[in-house]
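Atoms within each ligand, like the ligands themselves, are counted from 1 in listed order. No experiment lies behind these values; they were computed from the predicted model shown. Nothing fancy with the numbering, it's 1 onward along the sequence.
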Amino acid sequence: MENKKIIIGNWKMNPRSLKEAEKLFGAIVKNISSIKKTEIVICPPFLYLEKLKKISKKIILGAQDAFPGEVGAFTGEISAEMLYNIGARYVILGHSEKRALGETNEMVNKKIKASFFAGLRPILCVGERARDLSHGYFNFVKIQLEECLAGISKNSISKIIIAYEPIWAISSTPDRKDAIPADSLEMAIFIRKILSDKFGSDAGRVRIIYGGSVNEKDAEDFLQNGGVDGLLPGKASLDAKKFVEIIKICEALNQ
Ligand code: PEP
């Protein structure tokens, strides 16, 4: 079966309380009963997962990180298996905000393997800090893909989602700039080529999505002209009205 288009909300370290998380989640759930063709995922902070899971089956839950190994003596960590057991089915890995705290491609690779082992689907984030005139940013993303996906089998690859998130366009970046669908399109084509060189025809089923300040105003343009199978809004996913609008735009394009 062909993979559905997908909208993934990355709540990051928001909101401040479980009560607010339930309210936001509930407001989204209330307005998506007509959605049939779009896969909806929300990645809240770990500690809200269990409660949100009970509110709706329509939204699939994801985590924002996972430990690169199995359970054991690792203070403060949360394993992929624990996340699966609590109801998460996706996990964001290699996000630029984690990489800024020291996460390397090698660590992301271990996290991807641990996540697959536990049954979670990784959402692998890649993206350059800045664009240079000599196009070195393509090579930067190529290295991220090669190192993060080292040793991943052809059988597993179709389960992964690649999120192209240029750091210069993400809302938390000081002096951020707007990306346009052409930026996403050229990188999506490039990512697809890297994947097909490495994994052959299985790479055709990998969903490539775009994230970087995407919102209800430019979602249609990115979905139609950005060469992607979905979107990963951060800030806009914290506003139920905006997030639902993005989902409905995606659904309408799939009719
Ligand atoms: C993100 O960092 O995953 C993201 C897409 O955030 P925002 O939409 O806020 O730029």
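Of all atoms in ligand 1, numbered sequentially from 1 with element shown, those under 4.0 Å from a heavy atom of K235 are 7 (P), 8 (O), 9 (O). Which parts of ligand 1 touch L232 is read off a 4.0 Å heavy-atom cut-off, strictly below it: atoms 5 (C).
Side chains of E20 and Y48: a donor-acceptor N/O pair is absent below 3.5 angstrom, by distance only.
Of the candidates A163, S171, G212, A169, S171 brings a heavy atom nearest to atom 9 (O) of ligand 1.
Salt-bridge annotation for K241 and E245: absent, with no side-chain N of the basic residue lying under 4.0 Å from a carboxylate O of the acidic one.
In this structure, N139 contributes its side chain and G136 its backbone to no donor-acceptor pair below 3.5 Å.
The protein heavy atom nearest to atom 6 (O) of ligand 1 is K12 NZ, 3.2 Å. Closest to atom 8 (O) of ligand 1 among all protein heavy atoms lies G234 N, 2.8 Å. Regarding atom 1 (C) of ligand 1, its nearest protein heavy-atom neighbour is H95 NE2, 3.2 Å.
Residue contacts with ligand 1 for N10 involve side-chain atoms from C-beta outward but no N, CA, C or O (heavy atoms, distance under 4.0 Å).
Ligand 1 has no nitrogen or oxygen under 3.5 angstrom from a nitrogen or oxygen of S172.
At a threshold of 4.5 Å between side-chain heavy atoms, the hydrophobic network of Ile, Leu, Val, Met, Phe, Trp and Tyr places I123 and F222 in two separate groups.
With L195 as the partner, the side-chain contact (heavy atoms from CB on, under 4.5 Å) test is satisfied by one option alone out of D202, V206, I160: V206.
The number of heavy atoms from other shown groups lying within 6.0 Å of CD (E77) is above 12.
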